[in-house]
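Here is the structure we will look at.
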Amino acid sequence: MSLLTLSRVTKGYVAEGPPAVENLSFALERGQILALLGPSGCGKTTTLRLIAGFETPDAGQVIMAGRVMAEGGGGSAPVPPEERSVGVVFQDYALFPHLSIEDNVAFGLRRLPRRERQRRVHEILDLVGLAEFRGRFAHELSGGQQQRVAVARALAPAPTLLLLDEPFSNLDADLRAQMRDEVEKILRSTGTTAIFVTHDQEEAFTIADLVGVLDQGRLEQIGPPETIYHHPATQFVAEFVGAADFLPGLVTSQGIVTEIGVFGNPEAREPGEKVTVMIRPDDVTFAPRQDGEAVILRRYFRGSEILYCLGLPSGRRVHSSQPSSAAFRTGARVRPEAHLLHVVTFPAE
Ligand code: ADP
Ligand code: MG
């Protein structure tokens, strides 16, 4: 039985216009980490609030371990948030400023006897490496430390499910990567099932077992990171999870013919069909040629690699990422070549 199931959940805040979350369905197994990925306003926070019980669905069901937590359309009364065994880490940490770190973490343990509560607080502060800071107040800690307190506070009551809303977005890049690793380690070592929200695809790919991509309240795709990257279900997913160019292609009995090469047809599309082929920058190489049909329009130095933007005879563009050991100049004529590890096509518009 899945730990969490959302079944066709819809939630709108206003009568007019499309709902914030529409017809959302997915299931999460015990111990899994799900990353919900999508642009600002796509419904990520609303989804977490529905699961935590801060919002009630207009339609559909939220089910935890087989028990209906909430359902739309005049069904059973929703189970209140404090009875759902769900921990939440908010984007701004929301620590209590007038309480010490220790008391912040103890907050969700009010029902435990004093002894046991103290033991648990120490145990969890040890786990996040903050035992020595337990008497301090939030403003006496760095951003990364506050973030860890927020995680500790949410984990202290040993919730069945932990929800984290853009937990790393207030940290700078270095600390962010470090915290991401630390938090993952804590989740894995405690076997905690978790959903974390992000608009950063790298973050989602690094931590999660499953990535769900949301657009305008709808779940476009959910699956393992590799599937989302190599086999995106829609053009929106393809572009959101990595750089991608799209070229028109014609399906023939020899394969899919495009301006930069003929590719296999593993999806068995019908000959004669017009498609759009996804090209990732790591699929494209090129060789400098005086009579090359393409031209280097721009180059972007990225450190370990250089990203080239190639102009094709049709006026379309593809990008190619190359090691920065060899550099080519803007304006050079080149012959592009594409080797697609995975051929992904969409019906032409
Ligand atoms: P995300 O977290 O992905 O940025 P949200 O779930 O916060 O997205 O918001 C989804 C949509 O719902 C947005 O269009 C947002 O403006 C709207 N929305 C969110 N909260 C409220 C609210 N309390 N009242 C009205 N509209 C809201
Ligand atoms: Mg949000």
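Treat the numbers as computed from the prediction; the structure is a model and nothing was measured. Note that ligands are numbered from 1 as they come in the structure, with each ligand's atoms numbered from 1 the same way.
Within 6.0 Å of the CD atom in Q290, the count of heavy atoms belonging to other residues, nucleotides or ligands does not exceed 12. By the neighbour-count criterion of 12 heavy atoms within 6.0 Å, atom CZ of R317 is sparsely surrounded, having that number or fewer from other residues, nucleotides or ligands. Other residues, nucleotides and ligands place no more than 12 heavy atoms under 6.0 Å from the CG atom of D174.
Pairs engaging residues 233-282 under the ring pair (Phe, Tyr, Trp, His ring centres under 6.0 Å) rule: F236-F240 [sequence neighbours left out].
Side-chain contact of Q221 with T234: a donor-acceptor pair under 3.5 Å is absent, judged by distance alone. Between the side chains of T190 and T192, at least one donor N or O lies within less than 3.5 Å of an accepting N or O. Side-chain contact check for E29 and S2: at least one donor-acceptor pair (N or O, by modelled atom type) lies under 3.5 Å.
The residues E182 and K185 are annotated as not salt-bridged, no charged nitrogen and carboxylate oxygen being separated by less than 4.0 angstrom.
Protein residues with a heavy atom closer than 4.0 Å to ligand 1 are Y13, A20, P39, S40, G41, C42, G43, K44, T45, T46, listed by chain and number.
Counting side-chain heavy-atom gaps under 4.5 Å among Ile, Leu, Val, Met, Phe, Trp and Tyr, the cluster of Y300 also holds L307.
Only protein atoms were considered; those of element N, O or S under 2.8 Å from the Mg ion (ligand 2) number 1.
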